[in-house]
Protein chains: 2
Amino acid sequence: MSVGIRHDDLRRRNRAMVISAVRRAGQPSRTEIAATTGLSHSTISAISADLIQEGILTESKASEPTALKRGRPQIGLALNPEAAAVLTVVLSLNFLSVAVIDYAGQVIAEEQRRLDTLVMPRDELIGECLAIVRRRLQDPDLDVSSVARIAMGIQGITDSHSRAMLWSPITPLTDIPFADILEREFGIPATMENDCNMMAVALRWRDPERYRDNFIAILLSHGIGMGLVLKGELFTGTHSSGGEFGHMIHRPGGALCRCGRRGCVEAYAGNYAIWRSAMGISEDAAPTDVGDADMRALAAKARQEEGPEREAYRRAGEALGFGLGSLFALIDPAPVAMVGVSAAAFDLIEPALREAIAQTAGGQHSNSISFDTEPNELPLIREGCAMRALTFVDQEIFAPGMQARAGKHVA
Amino acid sequence: MSVGIRHDDLRRRNRAMVISAVRRAGQPSRTEIAATTGLSHSTISAISADLIQEGILTESKASEPTALKRGRPQIGLALNPEAAAVLTVVLSLNFLSVAVIDYAGQVIAEEQRRLDTLVMPRDELIGECLAIVRRRLQDPDLDVSSVARIAMGIQGITDSHSRAMLWSPITPLTDIPFADILEREFGIPATMENDCNMMAVALRWRDPERYRDNFIAILLSHGIGMGLVLKGELFTGTHSSGGEFGHMIHRPGGALCRCGRRGCVEAYAGNYAIWRSAMGISEDAAPTDVGDADMRALAAKARQEEGPEREAYRRAGEALGFGLGSLFALIDPAPVAMVGVSAAAFDLIEPALREAIAQTAGGQHSNSISFDTEPNELPLIREGCAMRALTFVDQEIFAPGMQARAGKHVA
DNA sequence: AGGCTTTTTTTCGAGCCTCAAAAAAATAGT
DNA sequence: ACTATTTTTTTGAGGCTCGAAAAAAAGCCT
């Protein structure tokens, strides 16, 4: 149950605190770190001396030559890019991409591949993932021993411990324990993350002003996904990655959803649903894959003139609006980021969405709810995976007492 | 933002740990506490010596004469009932009740009053609350200075900091800062809690086996409310008490809800909605108050024979089922407690509820979702308020270093 | 140039806290 | 009465953080 704080935890946590302050701030001086963490100067000094000695941080002279102030100039502290590296693997529909990222967060290598995820047998899909990772790890420029973590992101449902893919729209396969598979193969700790959760993580790093403690990232693509940050914490279900916004019920017994059930939000707002509706296909028809180009053409048509295309987006907006309204009834309104190809058509969606949300309990302050759009989800997912892996390393490097990861080894 | 751990926090937190272990376990020995907190025996010994000396804990000889084990017998530690007292105030429809509770959780005095909450003007409503509290505090048997906290519970929406009632079905008044009012009047720290959240708190204390880390308490009464515990934490909205399950949208544009909007779950499952439907009154008709006795009669009629009454409960079950399904899509399934007068009619609700939930994403393991019922909400709310107040005191008594609250004062 | 200010960083002693091990206490069994 | 066993308390050592003071590294001023 609840566990007391041991004395040795103290240093461990405060080290984590310092590292995270540096990662957030970029090049803070010791004084700045003391201010943000609330710890004393002497503690910061001691901890940062340790971290520098262990090769985790480096002193980088000029924080900025701006504002030539009096007094001893501050010495900026930065993450040592060579302290470690992490690997991100993003698996999406017919597409696999891998990147190697240094400890400071810079991409130092990447590789991408097309493959037919929908029809690949289990062994082949896993094999492709392992192969692309292996190729990156064999890169002679890379010190394999420095790779401290692999974060894999996938469209679909993962378990709440970020170990396995439970279900995904990109393959008929289910329950693939990718984290275990990667760990067994390469001996590097790994996690399996939900794509929308990673989008949320990335948004917070990209724009901490707007996306701080409470916000929602919604993926408007073939399916509808959501990443939710509440009170500064990534929200996950109790068993799975949770946040299956797309499968909240919009109309009981309504349109057929890709998940096989009826009336889900996604069955009105997913790409296939918009397409189905615009083309006058029955709501009972099985979902079909619609390419991004087709969706863009559809949006263009809808913008051009009134007609079934525009009406389809309107219905999508309505479903999203009522869904958001129900969500807001539970968690209160928060800023929303719309991501994915249909986010580029948000102008077509927004009016109906706002109208719907205004009819719900969550829409009380309907006009204060703000939306932002980002048409391209893949870079976000990769960034999120990278930050996930890096912050894990931040809290791993210091954890087991004094185990040095880079630089000279330590007493 | 994130703040480092100061050295002095350590003792503070571990004291809290020990107190909370005693509150949970009843009469644990020092050894047991050491085991549950993970702290060393010497630390527990030191802390409990302090707490006993300060009059917060007492040694109570026989933990139990059961299992006469070898060795030095354990000495049970218990909360000293006289260490402090708290006051609970529960305001519900036409009813106000107050209780004084000792530090060990026993009710030592109470008082109840009927009043017309729906028509009382602001000053009068506040005045009644203050008056009843004042009477209790003037009780000559009570040492006023020992009253360390007031927790007030109310049906309706409170702010996320538990300071004010924002909106409530029991009065047309809004935005009453009860916590501030009580604090100003009596100089005792106070909070204003949402009733369903308190139900959840109470359920966890009553049955920690079943209601531990993830569960849902749903109030089926005039309105529909929810208290949610996720990952061991009481879930609240970002601004308000949140968890307005009753105002998730069941049917866009559907039946008229008490909140003035349309299609909310409550507009199908609240007492007034069941009544309206059973009586063949239009869904557009304004909600009316239905007495508990009438509801019990309605349920009896529905059990007796097929007819509009039974159908009304069926529709309520459907609304609750789809609502729960949407909720479970977000948070994954969890045990549910149904509380309130209509929980006594859960037999009429359950079949349709389960049928509906099975049609949703959250219903994947529909049969593993378990329901429990508890017809009487008031005792639960009071218990929850009491535990809320007491655990606050637990974390207040030790906080400012060594400020003694009871017993001899301390160096 | 040289001394003075200002600001940052390091150093040092003090005070706590926790831990592990040893000692003390209390009881059951022999 | 004595030993074994278990729980509780005591004691000494080691660490951590803090505050104050010292040291360091500039720019400013005469």
Side-chain angles (χ1 to χ4, degrees), chain A residues 3-18 22 25 27-53 57-77 398 401-402 411, chain B residues 3-18 22 27-53 57-77 398 400-402 411:
Chain A
V3 114
I5 302 179
R6 323 282 298 305
H7 197 223
D8 19 331
D9 286 352
L10 234 171
R11 193 50 172 280
R12 210 170 49 83
R13 295 206 197 190
N14 286 341
R15 281 172 65 109
M17 213 86 244
V18 170
V22 174
Q27 283 204 340
S29 69
R30 291 169 175 79
T31 312
E32 278 175 67
I33 298 174
T36 61
T37 60
L39 297 170
S40 73
H41 286 194
S42 26
T43 303
I44 301 301
S45 198
I47 291 176
S48 46
D50 283 357
L51 293 174
I52 289 169
Q53 218 247 307
L57 298 185
T58 53
E59 290 191 339
S60 70
K61 208 49 182 202
S63 77
E64 273 146 61
T66 80
L68 273 176
K69 287 181 307 184
R70 244 174 136 108
R72 177 170 176 175
Q74 305 190 1
I75 304 172
L77 294 178
F398 64 77
M402 294 281 117
Chain B
V3 110
I5 303 179
R6 322 282 299 301
H7 196 220
D8 18 333
D9 286 355
L10 233 170
R11 192 50 172 282
R12 211 168 50 82
R13 295 206 197 190
N14 285 343
R15 280 173 65 109
M17 214 85 243
V18 171
V22 175
Q27 282 204 339
S29 70
R30 291 170 175 79
T31 312
E32 278 176 64
I33 298 174
T36 61
T37 60
L39 297 170
S40 72
H41 287 196
S42 31
T43 303
I44 300 301
S45 198
I47 291 177
S48 46
D50 284 357
L51 292 174
I52 289 169
Q53 218 247 307
L57 297 185
T58 52
E59 290 192 338
S60 70
K61 206 55 186 196
S63 78
E64 272 147 60
T66 78
L68 272 179
K69 287 180 309 185
R70 244 175 138 117
R72 181 171 174 173
Q74 305 191 359
I75 304 174
L77 294 178
F398 63 78
M402 294 283 119

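We name chains A, B, ... by the order of the sequence lines, and we start the count at 1 in each one.
- Ranked by how close their nearest DNA chain D nucleotide is to the 5' end, A:I47 and B:S48 are led by B:S48.
- For A:N14 and D:dT17, the shortest distance from a side-chain N or O to OP1 or OP2 is below 4.0 Å.
- A straight line from CZ of A:R11 to P of C:dT18 spans 17 Å, rounded to a whole angstrom.
- In this model, the phosphate group of D:dT7 is not approached by any side-chain N or O of B:R30 to a distance below 4.0 Å at OP1 or OP2.
- Taking only side-chain atoms of B:T31, from C-beta outward, the nucleotide of D:dT8, C:dT18, D:dT17 with the closest atom is D:dT8.
- Between C:dC17, C:dT9, D:dC16, one nucleotide has an atom nearer to the side chain of A:S29 than all others, and that is C:dT9.
- Here the C1' atom of nucleotide C:dT10 and the CG atom of A:D50 are 14 Å apart, to the nearest Å.
- At whole-Å resolution of the value, CG in B:D9 and C1' in C:dC17 are 13 Å apart.
- Rounded to an integer number of Å, the gap from A:L10 CG to C:dG15 P is 20 Å.
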Polar-atom pairs under 3.5 Å, protein N or O versus N or O of nucleotides 21-24 of chain D: list them with distances, or write none.
unit_1: D:dA24; atom_1: N3; unit_2: A:R72; atom_2: NH1; d: 3.4

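- The side chain to side chain contact (heavy atoms under 4.5 Å, CB included) check on A:A34 picks up A:H41, A:I44, with sequence neighbours excluded.
- In this structure, A:S45 does not reach the C:dT11 phosphate: none of its side-chain N or O atoms is under 4.0 Å from OP1 or OP2.
- With hydrogens and angles left out, the side-chain atoms of A:T58 and A:S60 include no donor and acceptor closer than 3.5 Å.
- When each of A:P73 and B:A46 is assigned the nucleotide of DNA chain C bearing its nearest heavy atom, the one mapping closer to the 5' terminus is A:P73.
- Atom CZ in B:R12 sits roughly 16 Å away from atom P in D:dT17 (whole-Å rounding).
- Between the CZ atom of B:R13 and the C1' atom of C:dC16 there is a distance of 16 Å, rounded to whole Å.
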I'd like a list of close polar pairs between nucleotides 18-20 of chain D and the protein, N/O only, cut-off under 3.5 Å.
unit_1: D:dC18; atom_1: OP1; unit_2: B:R6; atom_2: NE; d: 2.7
unit_1: D:dC18; atom_1: OP2; unit_2: A:S40; atom_2: N; d: 2.9
unit_1: D:dC18; atom_1: OP2; unit_2: A:S40; atom_2: OG; d: 2.7
unit_1: D:dC18; atom_1: OP2; unit_2: A:T43; atom_2: OG1; d: 2.5
unit_1: D:dG19; atom_1: N7; unit_2: A:S42; atom_2: OG; d: 3.4
unit_1: D:dG19; atom_1: O6; unit_2: A:S42; atom_2: OG; d: 3.0

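- The side chain of A:Q74 approaches C:dT9 more closely than any other nucleotide in the set D:dT17, C:dT9, C:dT18.
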